[in-house]
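Here's the structure, in structure tokens; my notes come after.
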Amino acid sequence: MLDNKKIKLGIAPIGWTNDDLPELGGENTFEQCISEMALAGFTGTEIGNKYPKDPEILKHALELRGMEVCNCWFSTFFTTKPEEETIEAFKAQLDFLHKMGAKVIGCSEQGRGIQGQALPIFGKDKPVFTKEEWKKLCDGMNKLGKIAEEKGMKCSLHHHMGTGIQTPEEIDVFMEGTNENVYLLFDSGHIYFSEGTQEAVDALIEKYIHRIAHIHLKDVRKVKRDETIQNNMSFLDAVKNGTFTVPGDGDVSFDHIFEVMSQNNYTGYMLVEAEQDPAKANPFEYALKARSFIREKTGI
Ligand SMILES: O=C1C[C@@H](O)[C@H](O)[C@@H](O)C1=O
Ligand SMILES: [Co+2]
């Protein structure tokens, strides 16, 4: 059982409209998306391209439905661009999130990343950072961590397929190279997609629970992961093929994740994030499915 005074439940708009694949869910409006999120029983959301850019308008629309923003994706480019560019853009995004009342910002190092490209996601093109790149990345992230901390917020890093921080070994290098102001954004789907084992999922949450600031609950259909490898598919083709789904609908077990969160008094958000084709997986139906799975497993 999880403590609902410490843990809040969110859902990402990516199941309704996928910003990385605009053809998926282009017809779903912002209002439909947040209304269905609220109706399914979620109180937190991240931000999609269709969300109003004006914080007051966004806040009002969410408050009408008893919802709030809990995090937003932020792309860093410390390994490939001048540090100041990432820092300036970060400050603007952080200010916006601060106005929205969010406590966390979820970064992803996109330098040489291939998640948006038509390249095999398990091929030779995935970035492997050099010593110099690791240094630039960790130094830069430590700066972002301090800026966030000064605003009372937590700067986190989303380990992600097709980036230089994908595998458990790469996550270790990152966590060792950064300080206590930098947190991990744990994504169950990305670690399972990368490693293909439940052990990797369970080991990652156990190892870093005290530095995890935000959790993405994402499930993976193993058969689709296998097809991704066999057919040399890109990340986005794997998404279209249905690799990801909502928790409880795939092959990841969430039992140990919930147990570790409970035993270590995890405080913050857990957010369902399950991008798939809304024409095949109705987002409202899948949101309800995720909601009842979480209720059954955690009591929240
Ligand atoms: O947190 C995420 C944001 C998406 O844009 C991304 O590609 C998805 O897989 C994810 O985990
Ligand atoms: Co995620």
Side-chain angles (χ1 to χ4, degrees), residues 2 4 7-51 58 61-73 161 187-190 192-193 201 214-228 233 235-255 257-258 269-300:
L2 292 176
N4 66 3
I7 299 175
K8 292 190 190 175
L9 187 57
I11 189 161
I14 200 165
W16 280 262
T17 303
N18 191 327
D19 294 340
D20 305 324
L21 286 162
E23 71 270 28
L24 298 192
E27 69 285 3
N28 294 325
T29 64
F30 161 68
E31 285 81 4
Q32 179 192 341
C33 172
I34 60 169
S35 294
E36 291 183 354
M37 288 171 165
L39 196 53
F42 294 88
T43 56
T45 180
E46 294 191 359
I47 295 178
N49 269 342
K50 287 186 179 168
Y51 283 39
L58 177 54
L62 291 173
E63 278 172 3
L64 286 176
R65 294 158 175 92
M67 295 190 72
E68 63 178 5
V69 168
C70 57
N71 171 45
C72 181
W73 175 276
M161 291 298 291
D187 187 312
S188 52
H190 278 275
Y192 187 90
F193 196 6
V201 177
H214 196 65
I215 292 178
H216 282 174
L217 301 174
K218 199 199 274 304
D219 211 335
V220 175
R221 298 183 177 101
K222 188 181 178 309
V223 63
K224 301 289 184 179
R225 179 184 183 274
D226 293 345
E227 283 175 25
T228 306
M233 294 166 88
F235 177 70
L236 293 180
D237 281 346
V239 168
K240 278 194 268 187
N241 193 39
T243 301
F244 293 138
T245 185
V246 294
D249 189 47
D251 292 283
V252 175
S253 164
F254 289 80
D255 293 350
I257 295 176
F258 294 143
Y269 261 96
M270 56 179 178
L271 176 127
V272 172
E273 187 196 49
E275 63 261 46
Q276 49 189 331
D277 185 348
K280 295 182 194 154
N282 179 281
F284 181 44
E285 188 185 330
Y286 274 73
L288 287 169
K289 211 187 256 237
R291 186 69 193 88
S292 52
F293 173 78
I294 291 166
R295 190 176 295 112
E296 184 192 308
K297 288 281 178 183
T298 70
I300 288 186

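Taking every heavy atom of both residues into account, Met67 and Ile34 meet most closely at SD-O, 3.6 Å. Of all heavy-atom pairs between Gly10 and Tyr269, the closest is N-CD2, 3.8 Å. Scanning all heavy atoms of the two residues, the minimum distance from Ala238 to Thr228 falls at CB-OG1, 3.6 Å. The heavy-atom pair separating Leu288 from Ala40 by the smallest distance is CD2-CA, 3.8 Å. Contact between Ile47 and Cys72 at its shortest, heavy atoms only, is CB-SG, 3.9 Å. Between Ser188 and Val201, the closest heavy-atom pair is O-CG2, 4.2 Å.
In this structure, a donor-acceptor pair under 3.5 Å is absent between the side chains of Glu273 and His190. Between Thr245 and Arg221, the side chains place a donor N or O and an acceptor N or O closer than 3.5 Å (distance only, hydrogens not considered). Looking at Asn71 and Glu46, their side chains do bring a donor and an acceptor atom within 3.5 Å of each other. In the model, Gln32 has no side-chain atom that pairs as donor or acceptor with a side-chain atom of Trp16 under 3.5 Å.
Within the 4.5 Å cutoff, the side chain of Pro247 has no heavy atoms near those of the Lys218 side chain. A 4.5 Å side-chain heavy-atom check between Tyr51 and Cys33 finds at least one atom pair inside the cut-off. Between Tyr192 and Asp251, the closest side-chain pair of non-hydrogen atoms falls below 4.5 Å. Using a 4.5 Å cut-off on side-chain heavy atoms (C-beta onward), Val69 and Leu58 make contact. At a threshold of 4.5 Å between non-hydrogen side-chain atoms, the residues Leu217 and Phe254 count as touching. Side chains of Met37 and Pro13 form a contact here, defined as non-hydrogen atoms less than 4.5 Å apart. In this structure the side chain of Met270 reaches within 4.5 angstrom of the side chain of Ile7, judged on heavy atoms. A heavy-atom distance below 4.5 Å is found between the side chains of Leu271 and His214.
Partners of Phe193 according to the ring pair (Phe, Tyr, Trp, His ring centres under 6.0 Å) rule, which considers only residues two or more places apart in sequence or in another chain, are Phe122, Phe244. When the ring pair (Phe, Tyr, Trp, His ring centres under 6.0 Å) test is applied to Phe284, no partner is found at least two apart in sequence or on another chain.
The backbone N or O of Leu24 lies less than 3.5 Å from no partner atom in the side chain of Asn18, so there is not a single donor-acceptor pair. Put simply, the side chain of Arg295 never gets that close to the backbone of Ile300: no donor and acceptor are under 3.5 Å apart. Under the 3.5 Å distance criterion, the side-chain polar atoms of Thr298 are left unmatched by any main-chain donor or acceptor of Leu2. Within the 3.5 Å criterion, the main-chain N or O of Asn241 finds a donor-acceptor partner in the side chain of Lys224. With hydrogens and angles ignored, the 3.5 Å screen pairs a side-chain donor or acceptor of Asp219 with a backbone N or O of Gly248.
Taking CZ of Phe42 as the start and SG of Cys70 as the end, the distance is 11.5 Å to the nearest 0.5 Å. The CD atom of Glu36 sits 14.5 Å away from the OH atom of Tyr286 when rounded to the nearest 0.5 Å. Note that CG of Asp20 is 6.0 Å distant from CG of Leu236, once rounded to the nearest 0.5 Å. One finds the CD atom of Glu31 at 10.0 Å from the NZ atom of Lys50 (value rounded to the nearest 0.5 Å). In this structure, CD on Gln276 lies 10.5 Å from CG on Asn282, to the nearest 0.5 angstrom.
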Would you sort out whether Val239 and Leu21 count as a side-chain contact (heavy atoms from CB on, under 4.5 Å), showing the intermediate values?
CA-CA 9 Å; Val239 168; Leu21 286 162; 4.0 Å; yes
Test log, rule side-chain contact (heavy atoms from CB on, under 4.5 Å), inputs Leu9 and Ile294
CA-CA 9 Å; Leu9 187 57; Ile294 291 166; 3.8 Å; yes
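Heavy atoms of other residues, nucleotides or ligands lying less than 6.0 angstrom from NZ of Lys8 number 12 at most.
Between Lys289 and Asp249 there is a salt bridge, since a side-chain N of the basic residue sits under 4.0 Å from a carboxylate O of the acidic one. Note on Lys240 versus Asp277: no salt bridge recorded, every NZ/NE/NH1/NH2 to OD/OE distance being 4.0 Å or above.
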